[in-house]
Amino acid sequence: MGSSTVITDFLPEHSSQAGTRIEFPQGFLWGVSTAAHQVEGGNGNNQWAAWEAAGKIRSGEVSGVACDWWNNAERDFDLARDMGLNALRLSLEWSRIEPAPGEWDQQALLRYRKMLEGLSSRGIQPIVSLHHFTHPKWFEQEGAFLSNRAGERFERFAGQVVSQLGDLCRHWVTFNEPNVFAALGYVLGEFPPGQTGNMRTALRMIDSMAICHARAYRAIHAVQADAKVGWAQNYVVFEPARRNLFLDRLSASLLNRLFNESFLAAIEKGKSAIPGNLGSKRLREAKHCCDFIGVNVYSRFHVAFSLRHASQLFSNVYVPEDVPQGDRGVEKPYGEAYPGAVSAAVERCARLGKPIYILENGVPDAKDRIRPWLIVNVIRELHRLIGEGKDVRGYFHWTLTDNFEWSEGWGLRFGLFELDASTQQRTMRPSGRLYGAIAQANGLPDQISSVFPDPTFSAFGEASPTCAVPR
Ligand code: FCB
């Protein structure tokens with residue numbers, strides 16, 4: 001499929017407007033992001049399988065065969081190559097590799113070796129996460145990252161994996177979104193172990209994960225001196241609902257501190273963002289332990305101080321009706337699709353002085369109403385940030401193929417490809433063609449730029465019908 005045909009699909013019929021060509025630095029990574037449990041299928045030995053079996057998924061669904069990667073990840077690797085992508089992020093399922101403490105499953109490691117070789121033979125650079133929300137049931141039973149043995153367990157796992165697969169991968173992500181993992185598992189009850197309102201435990205979990213990250217960081221460098229090790233930081237913009245109200249600004253800034261700053265502070269300063277947690281002594285070993293920062297960024301939420309929300313730190317967190325939004329979850333909106341969140345996240349993370357990769361960004365959007373607009377405008381933001389000197393080296397869209405979306409089940413469709421999970425058939429969405437054209441051009445060719453001349457929602461409104469026409 002030639003890129004010019006692809007681009008023409010996005011031209012409004014009446015458009016004669018010339019856009020500005022936006023070009024990225026040579027070697028910029030254009031990728032997609034995935035996670036083992038969401039795509040592999042057949043993962044029965046981790047804490048998420050138990051959570052699914054207990055009927056905890058809002059839609060009542062289970063991950064099942066997912067995208068069947070354990071048997072055939074290569075089908076999706078072909079699609080990524082054909083789109084012109086040069087990078088892909090995947091995660092390793094710890095429960096497959098170490099099904100019991102200290103027992104290494106060579107078949108599982110071999111399967112991951114084949115996947116990484118498959119990427120390499122297609123000219124696709126991998127970024128590999130060691131922990132993306134799932135871990136073995138035995139580790140959960142030990143108390144997961146709150147247990148005294150967690151550091152030793154995670155460090156040993158990291159060392160084993162990198163000594164066996166390090167010849168095929170250089171970029172390692174220790175943890176995916178420690179803040180989301182802790183908030184959803186211990187405050188909001190949406191992830192296992194399903195606790196609610198347990199803020200102190202969540203913060204302790206984040207600090208413990210920072211220490212585990214530091215131990216893994218050192219263990220990886222011990223076996224692979226030129227490794228690049230980072231983590232994936234989820235970043236949410238908390239917008240004071242009424243900017244002129246001090247209490248709204250205070251609520252937003254408190255949430256920002258608890259959610260965005262917790263893990264970041266441990267790595268940036270070797271300190272807990274919230275005094276009184278683990279104490280600075282142990283966290284000191286996490287200071288500056290990263291070679292890059294992965295940024296996962298999706299949404300903005302509005303925050304209003306509210307006496308009626310005492311259990312949520314007096315904060316009413318909501319998504320206004322009139323903002324661009326993807327599809328709704330089973331019980332609530334997913335959040336605002338907000339290209340500006342990328343800039344806020346990059347500007348904050350750049351203070352650590354390390355290279356940045358956007359490791360996740362996307363929107364649940366089965367009909368591709370809004371995804372093309374989001375992609376183009378996020379890429380514009382990134383180009384501007386690079387122009388201002390920010391060291392952003394890659395953009396990984398979440399995700400290639402619709403997959404199992406954690407507590408929501410199969411309803412939220414984030415893929416550049418639509419998936420029929422029963423037949424495993426993939427159908428490219430228009431946004432897949434768009435993103436492929438962008439990757440092939442290493443930026444926004446002027447025709448694409450002209451389709452969305454303005455990042456505002458109203459501009460998106462006009463351009464959207466053209467983009468929604470499938471071929
Ligand atoms: C992120 C997760 C990822 C996926 C996207 C939609 O928080 O890291 O696995 O679920 O959200």
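Keep in mind that this is a model prediction, so the values were computed, not measured. Whatever order the structure lists them in is the order used to number ligands and atoms, beginning at 1. In what follows, residues are counted from 1 in the order of the sequence shown.
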Legend entry - All ring-ring contact (aromatic ring centres under 6.0 Å, His included) counterparts of Tyr217, not counting sequence neighbours: His221

Inset, instruction - Answer yes or no: is there a side-chain heavy-atom contact under 4.5 Å between Tyr395 and Tyr435? - result: yes

As a test of reading the model: which N/O atoms of the protein lie under 3.5 Å from N/O atoms of ligand 1, and at what distance?
unit_1, atom_1, unit_2, atom_2, d
ligand 1, 7 (O), Glu177, OE1, 2.6
ligand 1, 7 (O), Glu177, OE2, 3.0
ligand 1, 8 (O), His132, NE2, 3.2
ligand 1, 8 (O), Asn176, ND2, 2.9
ligand 1, 8 (O), Glu177, OE1, 3.3
ligand 1, 8 (O), Glu177, OE2, 3.4
ligand 1, 8 (O), Glu360, OE1, 3.1
ligand 1, 8 (O), Glu360, OE2, 2.9
ligand 1, 9 (O), Gln38, OE1, 2.7
ligand 1, 9 (O), His132, NE2, 2.8
ligand 1, 9 (O), Trp406, NE1, 3.0
ligand 1, 10 (O), Gln38, NE2, 3.4
ligand 1, 10 (O), Glu405, OE1, 2.8
ligand 1, 10 (O), Glu405, OE2, 3.0
ligand 1, 10 (O), Trp406, NE1, 3.1

Legend entry - Within 45° cone and under 6.0 Å: Arg300 NZ/CZ vs Tyr338 ring: yes

Inset, instruction - Under the salt bridge (charged side-chain N to carboxylate O under 4.0 Å, His left out) rule, what do Asp327 and Arg369 come out as? Steps first, then yes or no, please. - result: CA-CA 9 Å; Asp327 301 340; Arg369 294 175 290 115; 2.9 Å; yes

Inset, instruction - Please indicate whether Lys56 has more than 12 foreign heavy atoms, meaning atoms of other residues, nucleotides or ligands, lying under 6.0 Å from its NZ. - result: no

Legend entry - Under 3.5 Å side-chain donor-acceptor pair for Asn45 and Arg96: no

